[in-house]
Amino acid sequence: MARLPDEEIHPVATGRAAETVAEHQDPQDLVFWSGWRVWIALEERGIPYQYKDVNPYKKEPHFLEINSKGLVPAVEYQGKALYESTVLCEFLEDAYPTHKPNLLPYDPYERARVRIWIDHVTKNILQAWQRLLMYVAQVKGPYFLGEDLSLADVIVAPWTARVYILGQHRGYDRAGAGAVWKAYVERLAARESVLKTTSDRDKLQVIYDRYLRDEAQSEAAKAIRAGKLMP
């Protein structure tokens, strides 16, 4: 049988992320199948979970039973399957209300603001990031809502943590977007939950080299080439 494209390019977590994976192998009510944004939320809130790696180019049959789209993240909660990163982040807020901090604010107006921004990031910013590996955002303090981290920050953290790729390969200078943006990106990248879920840069570089050469075979890359929205 012919090997699938890209299937052997670092299919598991590396670096500190691998250490975090090793700490989460015991059975739990929540089985977590990869995906950075949900992973950050789990770590921020100290929710117990069992981690399962997913090779995005060679998905095992059981994972496809959980999510027929074959996309991460996904979870099994008490034996029941759920997927889609934003849905899962909000599910964690509902399923684990006593695990702090809550990443959705209690104030209904601020809660709505976070959801509006998540929608904007998901539909617009992440599309642009994959096309040009670039992101621009506005924040009102240390974090999006001010002093406290929220889901608006968690949703964008994986991309702000990787803007160095744009600096190295696309001439992007985050300082050029202003001191507030530069400080915001560095603050998110330095959060323990982000560091604990970050793989080695040299391993990530191999993956993003394929995007930079327009050779990636991910579903996101295929959608962009076809002029469609990313899945």
Side-chain angles (χ1 to χ4, degrees), residues 30 32-47 49 56 67 69 71-75 77 81-97 99-163 166 174 177-178 180-194 196-198 218-220 223-224 228-231:
L30 185 75
F32 169 57
W33 296 78
S34 195
W36 206 356
R37 290 184 283 189
V38 177
W39 202 3
I40 292 171
L42 287 166
E43 286 293 326
E44 285 286 346
R45 302 190 60 219
I47 295 170
Y49 64 92
N67 183 358
K69 293 182 178 180
L71 301 173
V72 296
V75 303
Y77 177 68
L82 292 168
Y83 50 90
E84 303 292 351
S85 60
T86 304
V87 171
L88 292 178
C89 283
E90 293 211 21
F91 164 76
L92 295 176
E93 294 285 310
D94 296 331
Y96 297 90
H99 285 71
K100 305 298 180 181
N102 294 106
L103 297 175
L104 277 176
Y106 291 109
D107 179 79
Y109 173 76
E110 294 297 340
R111 199 176 182 93
R113 283 192 66 232
V114 167
R115 285 180 169 139
I116 288 171
W117 186 249
I118 289 171
D119 184 68
H120 173 68
V121 168
T122 301
K123 291 181 178 178
N124 299 286
I125 302 300
L126 301 190
Q127 301 292 329
W129 195 96
Q130 290 292 150
R131 289 184 174 88
L132 192 59
L133 292 178
M134 180 174 173
Y135 175 82
V136 177
Q138 296 179 350
V139 294
K140 60 186 278 190
Y143 299 107
F144 180 70
L145 290 179
E147 294 296 323
D148 298 322
L149 189 83
S150 75
L151 275 184
D153 304 300
V154 169
I155 292 298
V156 77
W159 285 267
T160 59
R162 289 176 282 191
V163 293
L166 300 175
R174 62 186 170 201
V180 172
W181 167 241
K182 181 176 182 293
Y184 175 70
V185 169
E186 293 173 352
R187 191 176 297 113
L188 277 182
R191 283 196 73 89
E192 183 66 5
S193 63
V194 177
K196 284 184 66 176
T197 57
T198 299
S218 68
E219 294 303 314
I224 289 168
K228 299 177 182 179
L229 293 177
M230 285 165 44

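Along the sequence shown, residues carry numbers from 1. Computation of the quantities below employed the complete heavy-atom set of this structure, encompassing side-chain atoms and omitting hydrogens, waters and symmetry-equivalent molecules.
If you take CZ on Arg187 and CG on Leu149, they are separated by 11.0 Å, rounding to the nearest 0.5 Å. Atom CG in Leu104 sits 4.5 Å away from atom CG in Leu151 (nearest 0.5 Å). The distance from the CG atom of Leu145 to the CG atom of Asp107 is 9.5 Å, given to the nearest 0.5 Å. Taking OG of Ser150 as the start and CD of Glu44 as the end, the distance is 10.5 Å to the nearest 0.5 Å. Between Arg45 atom CZ and Ile40 atom CD1 the span is 14.5 Å, to the nearest 0.5 Å. We find the SG-CG distance between Cys89 and Leu103 to be 7.5 Å, quoted to the nearest 0.5 Å.
Of the charged side-chain nitrogens involved, at least one lies within less than 4.0 Å of a carboxylate oxygen, so that Glu90 and Arg115 count as a salt-bridged pair. In this structure, Arg191 does not pair ionically with Glu186, as no charged nitrogen and carboxylate oxygen lie closer than 4.0 Å.
Between Trp39 and Phe32, the ring-plane angle classifies as tilted under the 30° and 60° cut-offs.
Annotation: side chain of Pro158 is in contact with side chain of Arg162 (closest heavy-atom distance under 4.5 Å). No side-chain heavy atom of Pro73 sits under 4.5 Å from any side-chain heavy atom of Arg37.
More than 12 heavy-atom neighbours from other residues, nucleotides or ligands sit within 6.0 angstrom of CD on Glu192.
Residues Pro105 and Val114 come closest through the heavy atom pair CD-CG2, 4.0 Å. Of all the heavy atoms in Ala152 and Phe144, the pair that sits closest is CB-CD2, 3.5 Å. The two residues Thr197 and Ser193 have their closest heavy-atom pair at OG1-O, 2.9 Å.
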Residues Leu30, Leu92; criterion side-chain contact (heavy atoms from CB on, under 4.5 Å); working and verdict: CA-CA 10 Å; Leu30 185 75; Leu92 295 176; 4.0 Å; yes

Test side-chain contact (heavy atoms from CB on, under 4.5 Å) applied to Trp36 and Val72, step by step: CA-CA 9 Å; Trp36 206 356; Val72 296; over 6 Å; no

Chi angles and distances behind the ring pair (Phe, Tyr, Trp, His ring centres under 6.0 Å) call for Phe91, Tyr77: CA-CA 10 Å; Phe91 164 76; Tyr77 177 68; 5.1 Å; yes

Check against salt bridge (Lys or Arg N to Asp or Glu O under 4.0 Å), Glu219 and Lys69: CA-CA 10 Å; Glu219 294 303 314; Lys69 293 182 178 180; over 6 Å; no

Residues Leu188, Asp153; criterion side-chain contact (heavy atoms from CB on, under 4.5 Å); working and verdict: CA-CA 8 Å; Leu188 277 182; Asp153 304 300; 3.9 Å; yes

Asp148/Tyr143 under side-chain contact (heavy atoms from CB on, under 4.5 Å): CA gap, chis, key distance, verdict: CA-CA 6 Å; Asp148 298 322; Tyr143 299 107; 6.0 Å; no

